[in-house]
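Have a look at the structure below before the remarks.
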Amino acid sequence: KNEVEQSPQNLTAQEGEFITINCSYSVGISALHWLQQHPGGGIVSLFMLSSGKKKHGRLIATINIQEKHSSLHITASHPRDSAVYICAVRRNTDKLIFGTGTRLQVFP
Amino acid sequence: EAGVTQFPSHSVIEKGQTVTLRCDPISGHDNLYWYRRVMGKEIKFLLHFVKESKQDESGMPNNRFLAERTGGTYSTLKVQPAELEDSGVYFCASSQERGTSGANVLTFGAGSRLTVL
């Protein structure tokens, strides 16, 4: 079993819908990253958080350290949000452990 | 500011050949990481440089893979001889600060897709 699990694996939504992607991990971490990869594109770091909540535009990331769980929310989703969203955790070393990603498609 | 640049974007080679991937990190970033995603699997860590030194190479799959970062600037990842299972996307990332949660911003390159036939 992977140390970082994401759900759902695939997600489709209509434009304007509120979207939640979940990430659970089974190891102690120092930080958690949410990353975005558009088809054929590189990886963009959306958030890095170690506690609480962060917001950037229509994106909100939360983390509960006790429950070893994080969520990425997208409000008022748009077709340009279509991408693979990846959760990755950092342990006490510098390397990241990645989830398998959630493929999101937002239809107009 | 230029981002992390990787070259080539796509390489197609035959089994047994050699390929060298290059990563140019953001100028001034001491930390440079190589990651790999093989088909259908999650991205996995390969190794981490701090300047020109290998800090952690625990993810390197075998001795067919050689990474270098001469002078602490750009890095190369050579696969020799390439095997079919080496096919995948190789990502490079760089950051300025090291290891402290909440302190370092990690910037990824667009990746180099390797196809071994």
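Residue numbering restarts at 1 for every chain, and letters A, B, ... go by the order of the sequence lines.
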When you compare the side chain of A:Thr62 with that of A:His73, does any pair of heavy atoms fall below 4.5 Å?
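SC-SC contact between A:His73 and A:Thr62 confirmed.
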
Compare all side-chain heavy atoms of B:His48 with those of B:Lys54 and state whether any distance is below 4.5 angstrom.
no

Given heavy-atom pairs under 4.5 angstrom as the criterion, report whether the side chain, backbone, both or neither of A:Ile86 touches chain B.
side chain

Turns out that what part of A:Gln6 lies under 4.5 Å from chain B's heavy atoms comes down to neither

More than 12 foreign heavy atoms under 6.0 Å from CD of A:Glu67: is that the case here?
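No - once you tally the heavy atoms of other residues, nucleotides and ligands closer than 6.0 Å, there are 12 at most.
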
I'd like to verify something: which residue of A:Ile29, A:Asn2, A:Val4, A:Leu49 has the highest number of heavy-atom pairs under 4.5 Å with chain B?
A:Asn2

Most contacts with chain B, counted as non-hydrogen pairs under 4.5 angstrom, among A:Val44, A:Ile43, A:Thr100:
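Of A:Val44, A:Ile43, A:Thr100, A:Ile43 has the most heavy-atom pairs under 4.5 Å with chain B.
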
Is there a chain of hydrophobic side chains (I, L, V, M, F, W, Y, each step under 4.5 Å between heavy atoms) that links B:Tyr35 to A:Leu35?
yes

Side chain / backbone / both / neither for B:Ser58 at chain A, heavy atoms under 4.5 Å:
side chain

Taking atom OG of A:Ser82 and atom CD of A:Gln36, what is their separation to the nearest 0.5 Å?
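Reported to 0.5 Å precision, the distance equals 9.5 Å.
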
Heavy-atom pairs under 4.5 Å with chain A, option from B:Arg37, B:Lys41, B:Lys44 with the top count
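Winner by heavy-atom pair count: B:Arg37.
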
